[in-house]
Structure formats: C-alpha cells, structure tokens
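Remarks on the structure that follows.
This chain uses plain numbering: 1 for the first residue, then up along the sequence.
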Amino acid sequence: MYQILVADAISEEGLYPLLNDTNAEIIQKKTDDPEVDLSTIEALLVRSATKVTDELMAEMPKLKIIARAGVGVDNIDVPAATKRGIIVINAPDGNTISTAEHTFAMMASLMRNIPQAHSSVKNLEWKRNQYVGTELFGKSLGIVGMGRIGSEIAKRAKVFGMSVLVFDPFLTKERAVKLGVESSSLDEILQRSDIITVHTPLTPETRGIINEEALKKTKKGVRLLNCARGGIIDEQDLAKYVANGHVGGVALDVFETEPPGEHPLLKYDNVIVTPHLGASTKEAQLNVATQVAKEVRTYFEGNPVSNSINLPAISKDIYEKIQPFYQISKQIGNILTQCVKEGVHELSITYSGSVTDLETAYLTKAMLSGFFKGRIDVNVNEVNALLTAKERGITVGEKISTDAFGYDNCISVTAKGEENAFTVRGTFIDHYGPRIVYLNGFNIDFLPEGNLLYIQHMDRPGVIGHVGQVLGDHHINIATMQVGRKQAGGEAIMVLAFDKPLSDKELSLLNNLDEIVSINPIIL
C-alpha cells in the first residue's frame, strides 16, 4: 500500500485510476494540514496552488514522485527534486485543445467586438453601427510557434478560410507542407499578417520577441493575441502601439505579472482580456487529472512514465556510471539546438572509446532531450525523446566508432538541416569534467556551462583585441576565452564565457565589427 497526497483541488473523476487502485491510499488534504503525516507520503499530486519547495520535500523522505495536473511546473523546485531522486511529471498535452479553442474564441471575439457589444447591450444600449466587425475569412493569420497548440489553431484557421503563415525556425519544409501552412520568417509574419498569435515556450530567445522593433514592421490595424505565456509580447511596447492606433486590437489571456493590476493595456476598448483561462475547461481539467493519475499508477506498477520532467529513476549503480556522459550528451544537444537555426531532419550520433561500454541508447535520448529544450513547446525527456523526434520527422542514427580523436571517450553529434550541417563533439575527462572539443570544423576545448558566446571570425591580427575593447567599454568581464582555427589567416572561432548574458545592444556592437562573420549566444 502506497500513500498519495492530493494537495490541491483535482477532479475526482480524473483521480479514478488511483481511487480504484487497491494498492493506493488517497489522502486529499493540504500539505500543512496537521492531520497529514508527510513522512509517510510516497506520491504528491498538485496543481498550481501548492508550492513544492526543497524544504517541503525534506519533510517527505519517502516521496518518490510529484505529479503536476497541468503543463507548467513553476511551482515545483525541479532541480531539488532531481537531486533527491524524485521524479516530476506533468500533463503536457491535456490542455492542447482547450487552449487552441480559447485562442480561436478570443480571435473571433476580437474581430467581431463581441465583449464590447455585450457590455453595451447589458447597459441597455443598442449601438449596431459602433460595433461593426471584420470577418476571419480571407485574412492572413501569422502563428509564431508551431507546436501542438499552434498546429491545432492552424487546422481551425484553414477551415475558416484563412491563409496561415508560420514562423518556427525548427519547422521543416516537409512538415509545413503536411500541415498545409506557409513557412515564413518572423519579418514576413509581421509584414503580411492581419492577425498574429504567439504559441512558443517562454525562453530567453522568445522573451519580448514581439517588441517595438517588431511592431514597427506590422500592418496598420493588425490584431495580436497571446494565450501562451506572459512576456512573449512586450506589453509596454504593445501599449504604445495600441495608443497610437497602429495596432487595431489585442486579446490577452496571460500577462507578465498575474494578476496584472493597473496595467496600461486595460484602459483601451479594443483590448480584450481573460484571467489565464486557456486550460480552464472541464474537459481539460479532467484530462490532466486523468493523465497524471494514470502516470502515478504506472510508476508504482514498476513501469516507465512517459511525461517525466527530470531524470527517470534508474539504479544507483547505473546512475553513477552513466551520469557524467548523460550530462555531456544533454549539453551537446542543447548547444546544437542553439546553433542550428533551421529545421533539422537528421541527427547522427557516434560513440567511441570507453563510453561504448555503457547503455548508449539512454545517452542518445538524453541528447535529444537537450536538443528539443526550447525548440518545441512541450517537455521532452528520455522516455518520450525518440517518439518526439519521430513525430517531427527527424531521423536519429546511432553508431559505434573506434576513433575517439585522441580522447578516452568521445560523443559526436551531427545535426543535418535543409541547407547546412553542424557537428559538436564532447568528452568527459576525470577530474576535469565535461568538455566540448570540436565545434563545426574547429578543434577547441571549453567547459559547456553558463553564458557562452560562440563567435565565427576571420583570423586577423587584432580581432581578439577589438572584441575585448567592445566588452571592456561596457564593463563586461570575460570569465574564459577559448579559440580555434583551421589555418593561419583563414576562418577561426572563439568561445567566450560570461557571468551573465550579453544584452542585444552589446551583441549588436560585436556583430558590427569588420572581422566578425557571425555571433551566437549559447546559454547552458
């Protein structure tokens, strides 16, 4: 008999898989309820209300799994859970349809002035001429981010007779054709779309992706929607463009700070808002509850779970042997996804040296989980990594080689896109840790962690000095610098590490140096 604490209000119907399990004892109380003996709890089910901190987990020594009945896990200290060997799971696709439908409802309401007209009639007014709307039929819809939700919105838009433009750097041409959408650059989306909706995860790259510079490029009268994550659209910049009449309407279900309080956008009649209701349907709440309940039961039956946020449970002996290579595999995948700015159709992994004595299939899945991080809008782990790759038309190949390039062990991964290929090699050295030793044609040696900047440049005297001068003028300290070149006077690279990420302005100044070919921030 294992004890499960359901700490937040979760659909009882959704809990049936556990309630009907004779081996499970369900306790539905708050974590601070004096009647709850936390020391005996083995599974914890929460929504967003309960904050699962390291301190709380310390009071639950038998805790093996935390289940979040929803997508976001911001209320759970995932690194602390991982350190304690506790699996964290969520329900990544339980609210896909709910959020897609809410977005479409917001879009229709925005175009037809439904909330404003509703309020007017409620106030005993009848102003038909004031609320003349605009049809969706024939309009261009720009979707930023083509994950599960973006794909569902595209399907619905096509039924309504809309043309669909998609900006997703990782969308392949084949998948775009299959979905019946036009793969476009962000600038094309901005310039051609009558309506723009965002559906990406909130990452350093997507934060403020729709800002003042982007808004300048949009059509006059454009409508914008955000039912994804607050912060993807810069709300202060957006308020300026609503005020000057350039933006014709806005629909928001999320804000950077929730609740938003006295927000400048709330005073405009052509801005409609809802209090983060994207996942708030009976069906979605039932779906996420059922999904995590089944996952918890699956775990206690001794089977692997499919929606783990962190490292799945493995034996201590295997974990200790594979952990160093697990980390470097994940870092290689993460570096690749930040360097390859196009759709990828093939990932080739080569293992050589002592690492071939281990379970390399597990390392391949770890690499994929790093590769998909920030690239798609769902969490990918070692359990669902291969399925995620298959769903996106990415071929994954794995082979063993005798050539370890002079190292005791080596992991080499090549990502092949529609136009280019990119290769990263890494190794783990005892007493030194993980190292990246090859970056797309250049031998190099750097620690894959923190805030990095990968610079491609021509090998000319003074290049390093010019880079240092720009950084010094802005009081930026370089933590480490590693360089590599193929031949004197030819192409070269440098990888710099900083205590914090560089600003867009600082990156622009570096990119404008004559000798610089390209720059690429990498955050690990």
Side-chain angles (χ1 to χ4, degrees), residues 9-11 14 47-48 68-72 74 90-119 133-136 139 141-160 162 164 166 179 181 193-202 206 210 222-233 235 238 247-260 263 265-266 270-291 376-378:
I10 295 177
S11 164
R47 289 183 64 190
S48 58
R68 164 71 163 93
V71 179
D74 297 344
N90 70 342
D93 55 0
N95 64 357
T96 297
I97 298 301
S98 174
T99 303
E101 288 187 354
H102 188 74
T103 303
F104 221 88
M106 293 282 273
M107 190 189 310
S109 297
L110 186 63
M111 299 295 280
R112 298 303 298 267
N113 303 306
I114 291 173
Q116 301 92 327
H118 169 82
S119 296
T134 304
E135 295 180 358
L136 292 174
K139 300 300 184 296
L141 174 64
I143 302 177
V144 180
M146 199 60 170
R148 286 192 174 111
I149 295 170
S151 299
E152 291 295 333
I153 290 168
K155 292 177 187 177
R156 287 154 178 75
K158 287 167 61 64
V159 171
F160 270 72
M162 305 178 76
V164 181
V166 173
L179 294 170
V181 300
S193 300
D194 300 304
I195 307 165
I196 299 172
T197 180
V198 295
H199 297 283
T200 71
L202 183 63
T206 62
I210 306 295
V222 66
R223 272 84 163 183
L224 290 102
L225 298 95
N226 186 3
C227 296
R229 290 287 184 270
I232 298 172
I233 299 178
E235 293 165 8
L238 180 58
V247 170
V250 175
L252 300 176
D253 184 48
V254 292
F255 291 85
E256 291 185 61
T257 301
E258 295 180 353
H263 198 287
L265 283 168
L266 299 182
N270 59 343
V271 175
I272 65 174
V273 294
T274 49
H276 207 142
L277 297 179
S280 296
T281 63
K282 293 178 180 179
E283 294 86 351
Q285 296 306 310
L286 174 60
N287 288 342
V288 296
T290 303
Q291 193 170 346
I376 62 175
D377 59 351
V378 295

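Side chain of Thr206 to backbone of Pro201: a donor-acceptor contact under 3.5 angstrom is found. Side-chain atoms of Asn226 come within 3.5 Å of backbone N or O of Arg229 as a donor-acceptor pair.
With a 4.5 Å cut-off on side-chain heavy atoms, Val144 and Thr200 count as touching. Counting heavy atoms from C-beta on, the side chains of Phe104 and Met107 come closer than 4.5 Å. Contact annotation: the side chain of Pro92 approaches that of Arg148 to within less than 4.5 Å [non-hydrogen atoms, C-beta and beyond]. Taking 4.5 Å as the limit, some side-chain heavy atom of Ile195 sits within range of a side-chain heavy atom of Met162. Proximity of Arg68 to Ser48: side-chain heavy atoms (C-beta onward) are separated by under 4.5 Å at one or more points. Contact check for Phe255 versus Val273: side-chain heavy atoms found under the 4.5 Å cut-off. The side-chain heavy atoms of Ile210 and Leu238, taken from C-beta on, include no pair separated by under 4.5 Å. Counting heavy atoms from C-beta outward, Lys139 and Thr134 have side chains that approach closer than 4.5 Å.
Note that CD1 of Ile233 is 7.5 Å distant from CG of Leu225, once rounded to the nearest 0.5 Å. With rounding to the nearest 0.5 angstrom, the CG atom of Asp253 is 5.5 Å from the CE atom of Met106. Distance check, rounded to the nearest 0.5 Å: CD1 of Ile97 to CG of Asn287 gives 9.5 Å. Atoms CG and CD, from Asn270 and Gln116 in turn, are 7.5 Å apart once rounded to the nearest 0.5 Å. Here CG of Leu224 is found 9.0 Å from OG1 of Thr197. Values are rounded to the nearest 0.5 Å.
Listed here is the closest heavy atom pair of Val288 and Ala69: CG2-O, 3.6 Å. Taking every heavy atom of both residues into account, Ser151 and Leu179 meet most closely at OG-CD1, 4.2 Å. When all heavy atoms are compared, the tightest approach of Arg47 to Ala9 is CD-O, 2.9 Å. Between Glu152 and Ala100 the shortest heavy-atom distance is CB-CB, 3.7 Å. Closest non-hydrogen pair, Gly94 versus Gln291, comes out as N-OE1, 3.7 Å. When all heavy atoms are compared, the tightest approach of Leu286 to Ser11 is CD1-OG, 3.8 Å.
Within 6.0 Å of NZ in Lys158 there are 12 or fewer heavy atoms belonging to other residues, nucleotides or ligands. Enclosure of atom CZ in Arg156 by more than 12 non-hydrogen atoms of other residues, nucleotides or ligands within 6.0 angstrom is indicated.
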Please list every donor-acceptor pair under 3.5 Å in which a side-chain atom of residues 276-284 meets a protein atom from a residue at least two apart or in another chain.
{"from": "His276", "atom 1": "ND1", "to": "Glu258", "atom 2": "OE1", "distance (Å)": "2.8"}
{"from": "His276", "atom 1": "ND1", "to": "Glu258", "atom 2": "OE2", "distance (Å)": "3.2"}
{"from": "Thr281", "atom 1": "OG1", "to": "Ser98", "atom 2": "OG", "distance (Å)": "3.4"}
{"from": "Thr281", "atom 1": "OG1", "to": "Ala284", "atom 2": "N", "distance (Å)": "3.0"}

